[in-house]
Protein chains: 2
Amino acid sequence: MDDSLVTVETGFIDGMGQLADYWGYNKVVGWIYGLLYLQDGSLSLESVAEELQVSKGNISINIREAERLGMVKKVWKKGDRKDYYEAEPNLWQVIRRITRERQKKEFDFAMETIKTGLDGLELLESNTQQVRFARKRLNQMSSFLKSTNTIISGLLSLETLKGAAVQACPVRSRLPGRTSD
Amino acid sequence: MDDSLVTVETGFIDGMGQLADYWGYNKVVGWIYGLLYLQDGSLSLESVAEELQVSKGNISINIREAERLGMVKKVWKKGDRKDYYEAEPNLWQVIRRITRERQKKEFDFAMETIKTGLDGLELLESNTQQVRFARKRLNQMSSFLKSTNTIISGLLSLETLKGAAVQACPVRSRLPGRTSD
DNA sequence: TAGAGTGTTTAGAAAGTACTAAACATTAGA
DNA sequence: TCTAATGTTTAGTACTTTCTAAACACTCTA
């Protein structure tokens with residue numbers, strides 16, 4: 001194996017680790033993806049551990065997470081008991097799945113929080129300025145969340161990014177007969 | 001102060017903490033925003049610390065972060081030496097600023113990583129299948145990042161979410177004469 | 001210029017997270 | 001059924017982050 005190629009790969013793998021960390025995942029998830037993304041074919045769990053110089057147990061846990069996130073998939077070779085993994089090469093699929101999961105979790109959680117709050121406010125016998133203000137704010141947040149959720153779901157429903165001319169949308173919205181939400 | 005209102009507020013504040021944590025920020029940043037978002041007016045740093053039952057030092061650090069993120073702003077009262085803070089009520093402004101910062105950081109970093117990689121590959125005298133494959137993958141990721149960056153920048157350039165009919169875009173992309181990127 | 005009021009910084013404790021080595025479980029084949 | 005190959009789980013350690021209390025710095029006014 002060419003030494004300089006390894007240097008390049010290492011830099012890239014490291015970068016993927018940084019991004020994973022930035023998104024709140026374990027850096028090893030990023031390393032695994034980076035390593036496999038550059039691989040024309042699959043690698044066994046053990047090779048991944050060796051290449052990344054990380055314990056087998058650590059890879060076992062993080063490769064499962066990567067699989068769960070749709071970043072890698074398991075493949076088998078006939079007559080070989082090892083598990084092999086390869087990267088999902090379609091980056092839009094990867095981002096889409098991760099973002100979808102996050103979006104759903106966060107949106108549902110936030111809406112639940114707001115609903116609980118509004119219900120609590122309804123039950124109060126007092127109707128002070130304070131209470132009315134809180135109600136107003138919760139309603140504002142609720143409708144904001146609904147709008148963003150619609151937009152993000154729309155984006156995430158695209159099969160590919162081709163033609164997703166989001167930049168054009170604001171223009172479209174200013175056309176006669178289509179001016180507001 | 002109504003006890004039940006406090007209960008409702010506490011639930012909401014807690015929820016904001018969870019969301020902040022989920023986005024990779026300190027939960028106290030979320031608490032501060034939640035508290036101020038429900039406040040019709042401003043609160044001093046010290047009141048914030050008391051309400052949230054968190055040390056003054058902790059609030060000092062996290063309220064500065066919230067300010068940096070555009071979630072709260074400092075206001076002053078004549079003849080009062082305290083700093084007062086109020087929440088930015090426009091949620092789109094908040095999200096936009098936070099997302100913009102993250103997007104820029106991540107995009108620049110990823111592009112830099114890829115560029116370094118491609119430059120490194122250029123310098124190799126060998127031109128094996130491995131090297132060609134790595135080059136191909138780095139180029140794929142590069143163009144993917146450019147596309148997403150365009151889309152996200154487009155979204156973030158909107159002053160308001162009104163009319164951002166992103167859901168309509170895929171339809172638009174299937175119109176005759178506008179079928180591919 | 002002493003003292004009170006206010007926000008910031010810091011040292012160290014506490015809490016939380018991630019990692020490894022080793023034990024464990026499962027399967028396949030001898 | 002024994003052994004080797006493989007992946008998973010776990011106990012304990014190391015590392016990282018977060019938090020508080022206290023020291024500090026600044027500013028205003030008496």
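Reminder, nothing fancy here: chain letters follow the sequence lines and each chain counts from 1.
In the set C/dT20, D/dA5, D/dG7, the nucleotide with an atom closest to the side chain of A/Val54 is C/dT20. Of the listed nucleotides (C/dT8, C/dA4, D/dT8), D/dT8 has the atom at the smallest distance from the side chain of A/Lys56.
A donor-acceptor contact under 3.5 Å is not formed by the side chain of A/Arg81 with the base of D/dT6.
There is no side-chain donor-acceptor pair under 3.5 Å between A/Trp92 and A/Glu159. Counting only N and O atoms by type, the side chains of A/Gln129 and B/Asp40 include a donor and acceptor under 3.5 Å apart. No side-chain donor from either of B/Thr7 and B/Ser4 sits under 3.5 Å from a side-chain acceptor of the other. Under 3.5 Å, the side chains of B/Ser147 and B/Thr150 contain no donor-acceptor pair of N or O atoms.
Considering B/Ile59, B/Leu45, B/Leu35 in turn, B/Leu45 is the only one that fulfils the side chain to side chain contact (heavy atoms under 4.5 Å, CB included) rule with B/Tyr85.
In terms of phosphate contacts, A/Lys27 brings no side-chain nitrogen or oxygen within less than 4.0 Å of OP1 or OP2 of C/dA18.
C/dG5 atom C1' lies 13 Å from atom CG of B/Leu45, rounded to whole Å. To the nearest angstrom, P of C/dA18 lies 13 Å from OH of A/Tyr25. The CD atom of A/Glu46 sits 6 Å away from the P atom of D/dT6 (whole-angstrom rounding). C/dT26 atom C1' lies 17 Å from atom NZ of A/Lys82, rounded to whole Å. When the C1' atom of C/dT20 is taken as reference, atom CD of A/Glu50 falls 16 Å away, rounded to whole Å. In this structure, B/Asp21 atom CG and C/dG16 atom P are separated by 12 Å, rounded to whole Å. Atom NZ of A/Lys74 is separated from atom P of D/dT6 by 15 Å (rounded to the nearest Å). C/dA18 atom P lies 14 Å from atom CD1 of A/Ile32, rounded to whole Å.
Under a 3.5 Å cut-off, the side chain of B/Arg137 and the backbone N or O of B/Arg132 do not form any donor-acceptor pair.
Annotation: the span from B/Ile152 atom CD1 to B/Thr99 atom OG1 amounts to 8.5 Å, rounded to 0.5 Å.
The stretch residues 58-70 of chain B touches DNA chain C through B/Ser60, B/Arg64, each having a heavy atom under 4.0 angstrom from the strand.
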